[in-house]
Amino acid sequence: MPELPEVETIRRELDPLITGKTFALPLLHIPSTVEYPCPDEFSRALKGRTIKNIARKGKYLLINLDRGILVVHLRMTGNLIYSDSENSRQQRFLRVTLPFTDGTVLFYSDMRRFGRLWYIADEVELNEIVLKRVGPDIYNELDCETFQQLLEKREKSRLKSLLLDQKFAAGMGNIYTDECLYRCGFHPLRRVSSLNPDETRQLYSSVRAVLEEGIKYGGTTFRDYRSASGALGDFQNKLAVYGRKGEKCFKCGNPIQKTIVAGRGTYYCPHCQANNMEETGGQ
DNA sequence: AGCACCACCTGTGGGC
DNA sequence: TGCCCACAGGTGGTGC
């Protein structure tokens, strides 16, 4: 589910709500939600820890504590909901309850159970255990020049695969990638090697623009996503291609097409994103 | 390096 | 109406 704008929306809402609070003993309704360390150790370590602030890297939420870091990845259908009551009755698919000592609580719900929690000791463990295969945050840690340098190492990649690759840069997911490529008018199958310097700058600014707008509208709620207060996102009403198969392109009026690229459903306008088609073939 | 495919899970919507 | 299948916002592993 959540891509960078959704996780950032949760981070911004959650930070003022829970900074300074202290965790009581967690309830692991589905213990396998905890990736590291083992469930018992996780609960023991978290109890009594006080929240300093909340950061984010790519789609990972990093809850910095007075000792250690609580890491959350929501994968497809995870939700992190803050409530000032311990009543969990309206929480569907509740996997972990994280109560605070003041009676308020953070609920982790997740229909498909793909999401994971970690408790790790420090920055070193963070990078060795959790963020092993995660590149720089595409929104906060990449200027245009560095972006262009990284592209040089990925000449053979197709644009869609590249943007989805969290090791290249972290944060883009399926929705925002399709929206980004539509904005700059590049075909999802186009290869990095076919871009001239001006086009790589266009790609970079489209990435920034689409993420910024996603954040501005509080993320995209296709089905499951909710912010930390349970609110729906708004960006689903701004999408130009994602989920619009057969509907008219806002620029040219031709029908939006759906295909599979990098194993993911991919929406694009065959007219507006038809550039350099000769570069999309071959290996 | 890059890609195709499977696995992990559960629910929903469309087609028949 | 009801059943079955494809598909869903993500990532990790394997094997070519």
Side-chain angles (χ1 to χ4, degrees), chain A residues 1-10 29-36 56-61 71-80 91-96 108-118 129-135 138 150-180 188-193 210-211 214-215 217-227 232-239 241-246 258-267 279-283:
Chain A
M1 157 209 338
E3 307 179 31
L4 188 150
E6 288 74 36
V7 179
E8 178 63 16
T9 300
I10 292 171
H29 316 293
I30 305 283
S32 57
T33 306
V34 174
E35 178 78 21
Y36 181 91
R56 180 189 56 72
K57 178 144 179 172
K59 303 168 192 171
Y60 291 83
L61 203 61
V71 184
V72 181
H73 195 303
L74 306 168
R75 294 282 181 97
M76 294 285 267
T77 55
N79 278 127
L80 207 50
Q91 296 299 322
R92 236 185 139 188
F93 312 118
L94 183 61
R95 307 307 185 206
V96 175
Y108 180 72
S109 305
D110 189 348
M111 182 183 83
R112 292 177 72 180
R113 303 189 188 184
F114 289 163
R116 290 291 180 265
L117 308 183
W118 296 254
I129 296 172
V130 186
L131 303 178
K132 240 178 175 175
R133 282 155 203 175
V134 177
I138 200 164
L150 289 181
L151 282 184
E152 287 170 20
K153 299 179 197 161
R154 299 294 300 267
E155 291 279 293
K156 290 187 174 174
S157 294
R158 301 188 187 276
L159 295 183
K160 170 119 186 184
S161 308
L162 176 89
L163 293 177
L164 285 177
D165 183 351
Q166 304 297 297
K167 193 165 175 65
F168 163 70
M172 295 293 278
N174 204 31
I175 295 180
Y176 292 94
T177 295
D178 283 3
E179 292 298 311
C180 167
L189 287 175
R190 203 168 152 183
R191 290 185 192 277
V192 170
S193 55
V210 79
L211 292 175
I215 294 168
Y217 286 98
T220 304
T221 300
F222 237 77
R223 168 174 264 102
D224 307 293
Y225 169 70
R226 300 290 184 276
S227 78
L232 306 180
D234 224 2
F235 196 64
Q236 64 278 10
N237 301 311
K238 308 286 172 189
L239 298 175
V241 285
Y242 188 87
R244 296 192 65 243
K245 179 185 176 184
K258 184 184 181 189
T259 179
I260 304 286
V261 177
R264 316 293 302 278
T266 298
Y267 300 84
E279 296 290 346
T280 65
Q283 43 278 337

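So that the names make sense, note that chain A is the first sequence line, chain B the second, and so on, each numbered from 1. Atoms considered below: every heavy atom in the structure, side chains included; atoms not considered: hydrogens, waters and symmetry mates.
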Protein and nucleotides 12-16 of chain C: nitrogen or oxygen contacts under 3.5 angstrom:
{"residue": "dG13(C)", "atom": "OP2", "partner": "Arg133(A)", "partner atom": "NH1", "Å": "2.3"}

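Leu232(A) meets the side-chain contact (heavy atoms from CB on, under 4.5 Å) test with Thr221(A), Arg226(A); sequence neighbours excluded. Residues passing the ring-ring contact (aromatic ring centres under 6.0 Å, His included) test with Phe235(A) are Tyr176(A), sequence neighbours excluded.
Of the candidate nucleotides dG2(B), dG9(C), dC3(B), dC3(B) has the atom lying nearest to any side-chain atom of Ser161(A).
At the heavy-atom level, Lys132(A) lies nowhere under 4.0 Å from the strands shown. As judged by a 4.0 angstrom heavy-atom cut-off over every strand, Gly263(A) is placed among residues making no nucleic acid contact. Within the nucleic acid shown, Tyr176(A) has no heavy atom closer than 4.0 Å to any nucleic acid atom.
One P atom belongs to dG9(C), the other to dG2(B), and the distance between them is 23 Å to the nearest Å. A gap of 23 Å separates the P atoms of dC4(C) and dC9(B), to the nearest Å. For dG10(C) and dA1(B), the P atoms lie 23 Å apart once the distance is rounded to whole Å. Taking atom C1' in both dC3(C) and dC8(B), one finds a spacing of 25 Å when rounded to whole Å.
Under the side chain to side chain donor-acceptor pair (under 3.5 Å) criterion, the residue pairs touching residues 166-175 of chain A are Lys160(A)-Asn174(A), with sequence neighbours excluded.
Arg75(A) contributes no side-chain N or O that, together with a main-chain N or O of Thr77(A), makes up a donor-acceptor pair within less than 3.5 Å.
Between Tyr267(A) atom OH and Asp178(A) atom CG the span is 8.5 Å, to the nearest 0.5 Å. Note that CG of Leu61(A) is 7.0 Å distant from CG of Leu74(A), once rounded to the nearest 0.5 Å. To the nearest 0.5 Å, atoms CG (Leu80(A)) and OH (Tyr108(A)) are separated by 8.0 Å.
Listed pair Lys59(A) / dT11(C) meets the phosphate criterion, a side-chain N or O lying under 4.0 Å from OP1 or OP2. Under 4.0 angstrom from either OP1 or OP2 of dG9(C) there lies at least one side-chain N or O belonging to Arg264(A).
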The contact string for nucleotides 9-16 of chain B, one letter per nucleotide 5' to 3', using protein heavy atoms under 4.0 Å with B, S and - for base, sugar-phosphate only and none, comes out as BBSSS---

Its dot-bracket string being built from Watson-Crick and G-U pairs below 3.5 Å, with | for another strand and [ ] for crossing, DNA chain B has the pattern .|||||||.|||||||

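By the 30° and 60° cut-offs, the orientation of the rings of Phe222(A) relative to Tyr242(A) is perpendicular.
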